[in-house]
Amino acid sequence: MRKSLILPLALISPMALSKHNCSGTVSNVDVSSSGNVHVSISGVGDGNVLCSLESTMGYYKPESCKAVLSLALTAKMSGKNLRVYFENDTDTSCLKGNWRDFSSSGYQLYHLRIEG
């Protein structure tokens, strides 16, 4: 009986276990003098911090933040939606406000995806 439960649980995507995710089109991508990557996503908010190119923020180290910046720029240039996944976001509304730190314990951004 136990073996039949283990396999289905192993096949569940980590994204399916997230508390909340949102997507929208990217209108702006900014990098601040401190190295923070700020992204404006329709229906989510403007200027929100995803990660830092200079220091570890939340789950993202500077090296992986370069990939985040690339994904955000690709979503902006292609007009495709960028989906963000939060591990600890208790507010299931997608409208998060502006200039929030998505790496903070209140959100814990852990995954991004370009859709479509």
Side-chain angles (χ1 to χ4, degrees):
M1 180 69 171
R2 279 193 167 182
K3 288 182 182 179
S4 64
L5 290 175
I6 292 172
L7 183 58
L9 290 176
L11 296 176
I12 295 174
S13 164
M15 292 172 285
L17 299 175
S18 69
K19 286 193 177 183
H20 187 58
N21 64 79
C22 301
S23 73
T25 57
V26 175
S27 59
N28 296 304
V29 178
D30 305 289
V31 178
S32 69
S33 60
S34 64
N36 288 350
V37 173
H38 297 260
V39 178
S40 298
I41 304 170
S42 65
V44 178
D46 295 330
N48 292 306
V49 176
L50 301 185
C51 58
S52 172
L53 298 167
E54 299 294 323
S55 61
T56 298
M57 290 182 75
Y59 293 122
Y60 288 95
K61 295 178 181 177
E63 192 63 32
S64 56
C65 188
K66 292 175 187 176
V68 168
L69 175 58
S70 179
L71 283 171
L73 289 170
T74 300
K76 164 83 172 108
M77 297 303 292
S78 67
K80 294 187 177 189
N81 281 359
L82 182 67
R83 183 168 296 277
V84 290
Y85 293 83
F86 304 105
E87 186 171 70
N88 198 34
D89 185 14
T90 58
D91 174 10
T92 58
S93 164
C94 280
L95 189 57
K96 302 299 177 197
N98 304 324
W99 305 102
R100 309 290 176 149
D101 178 359
F102 286 170
S103 70
S104 71
S105 62
Y107 298 101
Q108 289 184 315
L109 176 72
Y110 77 96
H111 188 84
L112 287 96
R113 170 187 286 166
I114 296 176
E115 297 184 318

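Heavy atoms only: backbone and side chains are in, while hydrogens, waters and symmetry mates are out.
Taking every heavy atom of both residues into account, E54 and P62 meet most closely at C-CG, 3.7 Å. L71 approaches I114 most closely through the heavy-atom pair O-CD1, 3.4 Å. Smallest separation of non-hydrogen atoms from G47 and S40: N-OG, 3.0 Å. Among all heavy-atom pairs drawn from N88 and S105, the shortest one is ND2-O, 2.6 Å. Pairing each heavy atom of D101 with each of S104, the nearest pair is O-OG, 2.8 Å.
In this structure, OH in Y59 is found 4.0 Å from CD in Q108, a value given to the nearest 0.5 Å. A distance of 11.0 Å separates CG of N28 from CD1 of I41, quoted to the nearest 0.5 Å. Taking CG of L112 as the reference point, atom OG of S23 lies at 11.5 Å (rounded to 0.5 Å). Note: K80 NZ to R113 CZ = 13.0 Å, rounded to the nearest 0.5 Å. Note: N48 CG to F102 CZ = 3.5 Å, rounded to the nearest 0.5 Å. Taken to the nearest 0.5 Å, the CG atom of D89 stands 10.5 Å off from the CZ atom of R100.
Checked by atom type and distance alone, the side chain of K96 pairs as donor or acceptor with a backbone atom of D91 at under 3.5 Å. A donor-acceptor pair is defined here as one N or O able to donate and one able to accept, closer than 3.5 Å; such a pair exists between the side chain of H20 and the backbone of T92. Checking side-chain atoms of S52 against main-chain N and O of T56 turns up no donor-acceptor pair under 3.5 Å. Side-chain N or O atoms of S70 include none that pairs as donor or acceptor with a backbone N or O of K66 at under 3.5 Å. Here the side chain of S42 pairs no donor or acceptor atom with the backbone of G24 at under 3.5 angstrom. D46 contributes no side-chain N or O that, together with a main-chain N or O of N98, makes up a donor-acceptor pair within less than 3.5 Å. The backbone N or O of H111 lies less than 3.5 Å from a partner atom in the side chain of Y60, making a donor-acceptor pair.
Under the 4.5 Å side-chain criterion, counting only non-hydrogen atoms from C-beta, L53 is in contact with V31. Residues V37 and V39 have side chains in contact (heavy-atom distance under 4.5 Å, counting atoms from C-beta outward). The side-chain heavy atoms of N36 and H38, taken from C-beta on, include a pair separated by under 4.5 Å.
Screening residues 43-73 for disulfide (SG to SG under 2.5 Å), with sequence neighbours left out, gives C51-C65.
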Quiz prompt | Stepwise side-chain contact (heavy atoms from CB on, under 4.5 Å) test for V84 and N21 | solution = CA-CA 6 Å; V84 290; N21 64 79; over 6 Å; no

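Between F86 and Y110, the distance from one ring center to the other does not fall under 6.0 angstrom.
Side-chain contacts under 4.5 Å among hydrophobic residues (ILVMFWY), followed directly or transitively, place V49 together with M57.
A salt bridge links R83 and E115; the closest N-O separation between the charged side-chain nitrogens and carboxylate oxygens is under 4.0 Å.
Two different hydrophobic clusters hold V44 and L95 under the rule that ILVMFWY side chains link at heavy-atom gaps under 4.5 Å.
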